[in-house]
Amino acid sequence: MKIIRARIRGLGDTMETEWFELSPRLNLFHLPEEKGRTSFFTTLAAINPLLPCEDTRPFADFPLISTRRGYNRKIRPEKRTVALVIFNSSPDLVAELAAASPHLYEADRIEVGRRLDYSRWINFVEISSSTRWREIAADIFKLADRTREIDPEKAAPVEPVIRSLQGSDRIKGGIERDLKGWLQSLPAEVREGAQQRIHQLCQAVHRAEDFRAARRIVERRLPIFVGLSGSSPPPAPLDAILRRIDGRIGELGGLPAAATRDFLAELNQQLKTWQFPGLRLRLGLPPAGAGVALSSTPPLATAVSPDSALQNLQAAVTLAIAFSRVTCRTEPILLFDCPERHLPVELHRQLRDFILTVA
C-alpha cells in the first residue's frame with residue numbers, strides 16, 4: 001500500500017491543508033515554522049503510528065473551539081477527522097479483500113481517517129460498504145408474502161422491520177441481524193422455489209459484516225508511519241520500534257512460544273536483507289520479563305555525538321522496514337523531520353545518500 005493523496009484538517013498550531021498528491025517514493029515538504037511542521041508530521045503519522053494514539057496523545061494540544069469570521073464553534077472530537085490519507089491497493093491485498101467480499105475486487109483505493117478522539121475509520125473509495133433497503137425491498141416483500149401464505153407465524157417477526165424501513169436506509173446493525181435471522185429461518189416450502197434469490201439476499205444483507213471483516217484486513221496491512229527527527233539521545237524512534245516489537249511478542253504468547261521465535265527469525269532475515277553499509281543489526285530472544293535484545297555491529301553509541309545521532313537514525317529506519325515488512329507485508333511510511341539539524345555539515349551528504357537509498 002502506497003499513499004496517493006493526503007489531507008490535514010488541523011486546529012491551533014497544526015495547519016489545515018487541501019488534498020495534496022504524494023509520489024510513492026520520496027516527497028519533500030517545505031514547512032519553515034518548527035512547531036507547525038512537527039505538529040503536521042505528528043498528525044499525519046497518527047493514521048497508523050508506531051505506538052497507540054491513546055498512549056502518545058498526539059492531539060492533546062488541539063483546541064476544541066474553532067473561530068472563523070468572528071464566530072466560535074465547538075469541536076466535537078468524535079466527529080472531527082484531522083488526518084485523511086488515500087492509499088492504493090496492491091494486487092495481493094485486493095485478492096485478500098475479495099475473499100471477504102466479491103464487491104472488493106474493484107478496491108483500487110482505500111481511504112483512512114483519524115478523528116480527534118483517536119478513533120479511526122476506513123472506507124473503500126466509490127464502493128458502498130452496506131446495502132440500501134431499496135436494493136432488496138421488492139425481493140424481501142415477495143418472500144414475506146409467500147411466507148405469510150404458508151406459515152403466518154414465520155412472517156410475523158419481520159413484518160414490523162420491513163414496514164418501517166425507508167428506501168435509503170442502510171442494512172446494518174440491528175436491521176442486518178433481524179433480516180439475516182429471518183432469512184435463515186424461512187420454511188422449507190419457501191426455500192424450494194427461491195434458493196438463488198435467498199442466497200443473493202443473504203449476501204446483500206451480510207454485506208456490512210463482510211466489509212467489517214475487510215476493514216480488519218486493511219488494519220493489519222496498513223503501513224506504519226514512523227516519525228524520525230534524528231535527535232540523540234535518547235533515540236526515541238528506535239525505542240518506540242523496540243517497544244512495538246515487544247508488544248508483538250506479547251501478542252504471540254511471549255516466551256517460549258514458537259510463534260515468537262518464528263517472528264524474530266523473520267525480522268532477522270529482513271534485517272540481513274536491509275542492512276546498510278557500516279551497520280549490522282540483530283534481534284535476540286529476550287530473557288523472561290525483559291525486552292527484546294538488540295545487538296549492533298558496530299555497537300550503537302549511547303553518548304551524545306553527531307555520529308550517534310546518524311547511527312541511531314539508520315538503526316531506527318532499518319528496524320522499521322523489517323518490522324513493517326514482517327507484520328504488515330508492506331513498506332513503512334518514514335517521516336523525516338529535519339534530521340540534519342542534529343548533524344554537522346560534513347555528515348549531511350551521508351544523510352542525504354542514506355535517505356535516497358531508502359526511498
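Predicted, not measured: the structure shown is a model, and the values here were computed from it.
- For the pairing with Arg170, the side-chain contact (heavy atoms from CB on, under 4.5 Å) check across Arg207, Arg132, Glu176 returns one residue only, Arg132.
- Checked by atom type and distance alone, the side chain of Asn27 pairs as donor or acceptor with a backbone atom of Ser23 at under 3.5 Å.
- Residues Leu22 and Met15 are members of one and the same hydrophobic cluster, defined by side-chain heavy-atom contacts under 4.5 angstrom among Ile, Leu, Val, Met, Phe, Trp and Tyr.
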Problem - Step-by-step side chain to side chain contact (heavy atoms under 4.5 Å, CB included) determination, Val125 to Asp108 - result: CA-CA 8 Å; Val125 178; Asp108 60 339; 5.7 Å; no
Practice task
Show the numbers, then the answer: is there a side chain to side chain contact (heavy atoms under 4.5 Å, CB included) between Val85 and Ile333?
Solution key: CA-CA 12 Å; Val85 169; Ile333 307 297; over 6 Å; no
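- A donor-acceptor pair under 3.5 Å is formed between the side chain of Arg341 and the backbone N or O of Asp337.
- Judged purely by distance below 3.5 Å, without hydrogens or angles, the side chains of Thr81 and Trp121 pair a donor atom with an acceptor atom.
- Under the 30°/60° scheme for interplanar angles, the aromatic rings of Phe29 and Phe41 are found to stand perpendicular.
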Problem - Verdict with supporting geometry, Thr42 and Thr14, side chain to side chain contact (heavy atoms under 4.5 Å, CB included) - result: CA-CA 9 Å; Thr42 301; Thr14 303; over 6 Å; no
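- Under the 4.5 Å side-chain heavy-atom criterion for ILVMFWY residues, a single connected hydrophobic cluster contains both Leu26 and Phe336.
- In this model, no donor atom of one side chain and acceptor atom of the other lie less than 3.5 Å apart for Ser90 and Arg329.
- For the side-chain contact (heavy atoms from CB on, under 4.5 Å) with Val205, the qualifying choice from Ile175, Thr131, Asp178, Ile136 is Ile136, the only one to do so.
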